[in-house]
Amino acid sequence: MQKPDKPPLFIGIAQQYGFSVESAQIALDRISMQLSMQGCARHTVFYVYRIGKPPEGSGGSAGRARLLLAFPSADAALSFSQHSGLGTTPRLLAMNVSQLLSVLLQRPSIGALLFAIETEAPSVNYLPHGFRLERTTLLALLQGG
């Protein structure tokens, strides 16, 4: 007997935050459709990099919303990290769309998620082209907007 498919992580996380299964599924489907229009499949794995925390007192980005960058390949993520000087030893994490949306929902300090579509490393001080999802947009979708 075959087990039924588990619902995506995002659906469960959205429920924990008080959103309905239906609104979470609609949000996931809409975002997946946007990514599909950009040439990414729903179950595509994206790569994000983590760097160590900046030293205390270094100024950093206190008070500013952070941007989470998700790349279509490990090479693209590492290349961007190295070209941007974001650390000498970033750690890569492989995440699917559901996981990335869960992180965006769970962490208010992240103001947006950028699904990088291009594989070429942009020049220094530029972000890669892609599909940018603001946290406020995700919340609006979850509220039926």
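- Judged by distance alone, with hydrogens and angles left aside, the side-chain atoms of Ser79 form no donor-acceptor pair with the main-chain N or O of Asp75 at under 3.5 Å.
- Residues Glu134 and Gly111 approach most closely at OE1-O, 3.4 Å, considering heavy atoms.
- Interatomic distance, CZ of Arg107 versus OG of Ser102, reported as 11.0 Å (0.5 Å rounding).
- Atom CE of Met95 is separated from atom CG of Leu113 by 9.0 Å, given to the nearest 0.5 angstrom.
- Note that CG of Leu133 and CZ of Phe115 are 6.5 Å apart. Values are rounded to the nearest 0.5 Å.
- The cluster map of Ile, Leu, Val, Met, Phe, Trp and Tyr, joined by side-chain heavy atoms under 4.5 Å apart, puts Tyr17 and Leu100 in the same cluster.
- Distance CG/Leu101 to CD/Gln106: 11.0 Å, rounded to 0.5 Å.
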For the pair Phe80 and Phe71, evaluate ring pair (Phe, Tyr, Trp, His ring centres under 6.0 Å) and give the outcome as yes or no after the intermediate values. CA-CA 9 Å; Phe80 180 83; Phe71 293 87; 5.4 Å; yes
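- Ile13 and Ile26 sit in two unconnected hydrophobic clusters of ILVMFWY residues. Membership requires side-chain heavy atoms under 4.5 Å apart, directly or through other members.
- Using modelled atom types, one side-chain atom of Arg135 and one backbone atom of Leu104 make a donor-acceptor pair closer than 3.5 Å.
- To the nearest 0.5 Å, atoms CD (Gln34) and CZ (Phe131) are separated by 4.5 Å.
- The minimum heavy-atom distance between Leu142 and Ala14, with the atom names listed, is CD2-CB, 4.2 Å.
- The two atoms that bring Tyr49 and Ala77 nearest to each other are CD2-O, 3.9 Å, heavy atoms only.
- In terms of heavy-atom proximity, Ala94 sits nearest to Tyr47 at CB-CE2, 3.7 Å.
- In this structure, Ser23 contributes its side chain and Gln143 its backbone to no donor-acceptor pair below 3.5 Å.
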* **side-chain contact (heavy atoms from CB on, under 4.5 Å) evaluation trace for Leu141 with Leu28** => CA-CA 9 Å; Leu141 284 171; Leu28 181 59; over 6 Å; no
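- Interatomic distance, CD1 of Ile110 versus CG of Leu138, reported as 11.5 Å (0.5 Å rounding).
- In this structure the side chain of Leu114 reaches within 4.5 angstrom of the side chain of Pro128, judged on heavy atoms.
- Between Phe46 and Val97, some side-chain heavy-atom pair lies under the 4.5 Å cut-off.
- Panel note: side chain Gln25, backbone Glu22; no donor-acceptor pair is recorded below 3.5 Å.
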Quick one: do Leu139 and Leu105 satisfy side-chain contact (heavy atoms from CB on, under 4.5 Å)? Show the steps, please. CA-CA 8 Å; Leu139 293 173; Leu105 181 58; 3.7 Å; yes
Determine whether Leu92 and Leu78 satisfy the following criterion, side-chain contact (heavy atoms from CB on, under 4.5 Å), listing intermediate values before the conclusion. CA-CA 8 Å; Leu92 286 183; Leu78 284 173; 3.7 Å; yes
